[in-house]
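Take a look at the structure below.
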Amino acid sequence: MTVARITWLLLKKDLRIAARSREMLGFTLLFAVLCVIVFAFGFLQEGAATAGYVPGVLWVTLLFSSSVSLLRLFAPEEEGGTLDLVSSTAAGTLPLFISKATMQLLFTGLVTVVVLPLVLLFFNTELKGFGQTAAALGLGLVGMATVGTLCSALLVHVRLREVLLPLVLYPTVAPLLISGVKVTSIALAEGEGTGDWLTLMLIFDLLFVVASPWLHGRALQR
Amino acid sequence: MTTPTISPTTSPESPELAAAPRAPVAMATRVPVRTPAALLVLLGVSLALIEVALWWIAARTPSDIVLGLSQKIFYFHVGSAFAMLLCLTSASFLSLADLLRPDDRADALAQSLLEVGVIFALCILTSGPLWARKAWGMYWTWEPRLTLTLLVTLLAVSVIALRAMSADSGTGRRVGAAMAVMGAPASYLIHVAVKWWGGTHPQVIQGGGIQNADMRIAFWLAVFGLLTFAAALTATRYRDLRLKQRGRAIRLNLSAHQLRQRRA
Amino acid sequence: MSHLRAALLRLTAATLLSFGPVCAAEASAPAAPPAAAAPTSANPTAAGASAPVSTSAKRDLSRYKEERVPGGTFMLAAYMVMWALVAGFVGRTLLRQAKVEAELTDLSERVDVLTGHDGDAT
């Protein structure tokens, strides 16, 4: 009850900040689009981008743009010096974590909505197996947002965190990346056998959805 | 200006400290230096095991029929892998213990294990590709154990870097511990994921095992030699970190005293 | 601390070096067929499995028995000395730590006398 209310208040605040200064979302989207274009250049063969690279390009672009927005996730609190205040609510640090993870999920979700059609367009690919791709993207984004928010929150006071964040985040979300690419490529080829990979992603999500807020609370307690 | 001589009886920093009464102190320097006999024995045993293992590998074990001499990397390679796994896993569990109930000793031990684990991981990541070049014809394949080792090493390195980068504070310590704890389930899932990805790594222990008696002896000599050596290194680093913690406690004590005097 | 770091560096270097020449020495020997080409259950890369000769490995086995490293004895001696040096260095670091510990004990006693045990700070 309290957790839900405080979370909602914090989330509303973040949404309002994001709505008033749209630049962060705008720049993240721009970055994602540029990423796709650069990948298209990188994989250009005989004048046409090769279709086989679609899953990899899609997932790596999502990972890169999610780390871009993660670096700015706690920026409002840092700049206002209010991190201690929002961490010490009546319900502890949990509302802060949930609201930030939700923000990150919304951000990366919007990026996905833009990037997916763009990748398909640039690489001349038809979207097949939409259900499986969507499931993989959903599970992948939830996992990346949870682990990413944890990493971002833990690194707030650390020097050189721009460098450290990818160093911690990328190895940790490697299972999501591997499974996501696998599911997407199977789905695009209308193949079979995505079940195991989706289960792996689900287990990853469940594990880190439970563990991350706990670790966050433990690590940042005063 | 002369170079300040640092000896137990003079303090170059604090005149206040230098003026401190000497009576009980003079005894302190005469306290016999406690030699950690158990640690030296451990180090000696590990050295003996490694020397015998080296000799056994060179002189007693036969060349592998298929792989020839290059197979002899195997003994130290697998031994280092065991040491790495043991170090990093226990570092993760100790970090969890430290998060649950803060303890300076658990923290120091976790940190030392992490560092020694990375050393052995680097050994594997070098010897592995060299061997793979001979055995598989290429330096690197995206094979489960190779991928796992690489990613786990990166995680461990980033936790060490994080400790180095964050201020020497309780927060930095807990953050590092949280990262180290996160590493354990992450590594397990990485392991599952890359395993399904497909692989060709030999399964020595689970599979047929080592048939030749000399090879078996060399293998276990190397394994125990490297494990005890890892333990000795960890102990050395652990003592280092404990001394650092003690030094910090003394400094805290002193500055608390100075603060009280200024207030008075 | 810097001693330990140097010791660890030496350990790494020594361990790595101890693998290098083994490979280099074998470079002159006939190369084994790349097993990656046939990653089947009869994978010949199962290291240490010397006794069971797979049917695919029908070739001149005597060639491998004659495989010798030139100056092998010296190489072995070099490795043994190298490891001894590394262990000796670690041992020396351990002994030095004891001296640092004694100094720290001395220092903490002085600070205790100075502060007169007047605070709750440890």
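Residue numbers begin at 1 in each chain, while the letters A, B, ... track the order of the sequences. Computed from heavy atoms alone, side chains included, the values below leave out hydrogens, waters and symmetry copies. Quantities reported herein were computed from a predicted structural model and do not represent experimental measurements.
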Quick one: what part of Leu104(C) sits under 4.5 Å from any heavy atom of chain B, side chain, backbone, both or neither?
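For Leu104(C), backbone and side chain are both near chain B.
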Please assess Leu76(C) against Ile57(B) for the test side chain to side chain contact (heavy atoms under 4.5 Å, CB included), listing each intermediate value before the final yes or no.
CA-CA 9 Å; Leu76(C) 172 65; Ile57(B) 291 166; over 6 Å; no
Working to the nearest 0.5 angstrom, can you tell me the gap between [X] [atom1] and [Y] [atom2]?
X: Asp240(B); Y: Arg96(C); atom1: CG; atom2: CZ; result: 11.5 Å
X: Trp83(C); Y: Ile50(B); atom1: CH2; atom2: CD1; result: 4.0 Å
X: Thr236(B); Y: Arg92(C); atom1: OG1; atom2: CZ; result: 13.5 Å

Which atom names give the shortest non-hydrogen contact between [X] and [Y], and what distance separates them?
X: Val86(C); Y: Phe229(B); result: CG1-CZ, 3.7 Å
X: Leu94(C); Y: Leu40(B); result: CD1-CD2, 4.2 Å
X: Ala84(C); Y: Leu47(B); result: CA-CD1, 3.6 Å

Listed by chain and number, what are the ring pair (Phe, Tyr, Trp, His ring centres under 6.0 Å) partners of Trp140(B), not counting sequence neighbours?
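Scan of Trp140(B) (ring pair (Phe, Tyr, Trp, His ring centres under 6.0 Å), adjacent residues dropped) gives Trp142(B).
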Is there side-chain contact between Leu254(B) and Leu114(C), with heavy atoms separated by less than 4.5 Å?
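Touching, per the 4.5 Å side-chain cut-off.
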For Arg246(B) and Thr105(C), does a side-chain donor sit closer than 3.5 Å to a side-chain acceptor?
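Thr105(C) and Arg246(B) do have a side-chain donor-acceptor pair below 3.5 Å.
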Between Glu101(C) and Arg242(B), is there a side-chain N and carboxylate O pair less than 4.0 Å apart?
no
So, using side chain to side chain donor-acceptor pair (under 3.5 Å) as the criterion, who are the partners of Arg251(B) when residues are at least two apart?
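Side chain to side chain donor-acceptor pair (under 3.5 Å) check on Arg251(B) returns nothing, list empty.
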